[in-house]
Amino acid sequence: MGTVTQIQEIVDNLYEKYKDIQDGEVATYIPELAKADPNDFGICLATVDGQIFTAGDWDKEFTIQSMCKPFAFQMALERHGRDATLERVGVEPSGDAFNSIELHPKTARPYNPMINAGAIAIASLIKQNPVDAGIQAFVERMEQAAGRKLRIDEDVLASESATGHRNRAIAYFMLNFDIIDPEVHVALQQYFSQCSLLVNCRDMALMAATLANMGTQPVTGQRVFDFQYIKYVLTVMFTCGLYDYAGGWAYEVGVPAKSGVGGGIFAVVNRQLGIGVYSPRLDAQGNSVRGILVCKELASHLGLHAFEFTNVGSSFMQWLL
Ligand code: DON
């Protein structure tokens, strides 16, 4: 993939190239998110052997938002297994917006765990009694993946909870079909809290690298995720992670990824590296404009696309050599 200096140069050049792009709008539907500085822009790459490359506002904290969804899905799979989890949520791309109020016409399941409906169903599966225990379990797992202490942004949590009526409607809609149990407020509190976790680009890159590294955190060496479920998580990220841009993303960038309305986006290059980008100006689909630009260019520059013929990082190829 190149020397350490070459990779740092690539990251620095990407930052310089895109730092003045002002397209897109900061999310405002959760009033607290509107306070983000639209100019913030950070990039981090973390390799599976623990090397870290950063540029710009890589240490600026923002809320994880929908980027919590793959990790919550992983936790549900670990706790309930594949079949019980799939009774509550499908794995089909919906082609619709992240907040669409829509369940599968035959099964009544949400289409996938990356849209809000699916993520609320998953939150219902990983919640605990009392509610704080389930939230704490999620935060602790995220801390292990990031390799540092994390905290919830209480202002964003209050703001999301105060305005989250659409998510409440989705949750009660699912209760009507027995997709979630009657502890609806607990599931929602779990979901809102997950979304309000503060992270930075380095955290996201390391969380991504932990998935890329079969569940072991590259810097601390801690086994964080059960590797037998990671392939399912990466698959739904690949097909559904960018909502109604998921197909375009898979085509152009070709690696599993997830975005959040806080402006973060993270991508997993299996067995190689994790990428975390933060830039709060979003496009019409709710994805970070500069985040997408950076990932696209990194993928083409380093040959990261899953079906890239020159994908020199393919672990299978390396293993064969
Ligand atoms: O459910 C919500 O509205 C948010 N807390 C999370 C949404 C989100 O990040 C969607 N992603 N792009």
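Given the structure is predicted, the values throughout are model-derived calculations rather than measurements. Order of listing sets the numbers, starting from 1, for every ligand and every atom in it.
- In the vicinity of Gln65, heavy-atom distances shorter than 4.0 Å reach the ligand 1 atoms 4 (C), 5 (N), 6 (C), 9 (O).
- The closest protein non-hydrogen atom to atom 5 (N) of ligand 1 is Glu160 OE2, 2.4 Å.
- Remark: minimum distance from atom 8 (C) of ligand 1 to any protein heavy atom is reached at Ser66 OG, 2.4 Å.
- Formation of a donor-acceptor pair under 3.5 Å by the Thr210 side chain with backbone atoms of Gly215 is not found in this model.
- An N or O contact shorter than 3.5 Å is missing between Gly262 and ligand 1 by distance.
- Taking the six-membered ring for Trp and thresholds of 30 and 60 degrees, Tyr29 and Phe98 have ring planes inclined between 30 and 60 degrees apart.
- Counting only distance, with no hydrogens or angles, the side chain of Asn200 and the backbone of Arg202 share a donor-acceptor pair below 3.5 Å.
- If you look at Arg166 next to ligand 1, there are no close heavy atoms at all, none under 4.0 Å.
- Close contacts between ligand 1 and Val261 involve ligand atoms 7 (C), 8 (C), 9 (O), 10 (C), 11 (N), 12 (N) [criterion: under 4.0 Å to a heavy atom].
- Between Asn287 and ligand 1, not a single N/O pair is under 3.5 Å apart.
- No donor-acceptor distance shorter than 3.5 angstrom exists from the side chain of Asn213 to the backbone of Ala209, with no hydrogens or angles considered.
- The backbone N or O of Val186 sits nowhere less than 3.5 Å from a side-chain atom of Glu183 that would complete a donor-acceptor pair.
- Because its NZ or CZ atom is both nearer than 6.0 Å to the ring centre of Phe41 and within 45° of the ring axis, Arg290 counts as a cation-pi partner of that residue.
- With Tyr191, Tyr29, Phe192 as candidates, the residue nearest to atom 1 (O) of ligand 1 on a non-hydrogen basis is Tyr191.
- Without hydrogens or angle criteria, Arg281 side chain to Pro38 main chain gives a donor-acceptor distance under 3.5 Å.
- Residue Asn116 places at least one N or O, backbone or side chain, under 3.5 Å from an N or O of ligand 1.
- Atom 11 (N) of ligand 1 has its closest protein heavy atom at Tyr243 OH, 3.0 Å.
- Atoms of ligand 1 found under 4.0 Å from any heavy atom of Gly286, numbered from 1 in the order shown, are 12 (N).
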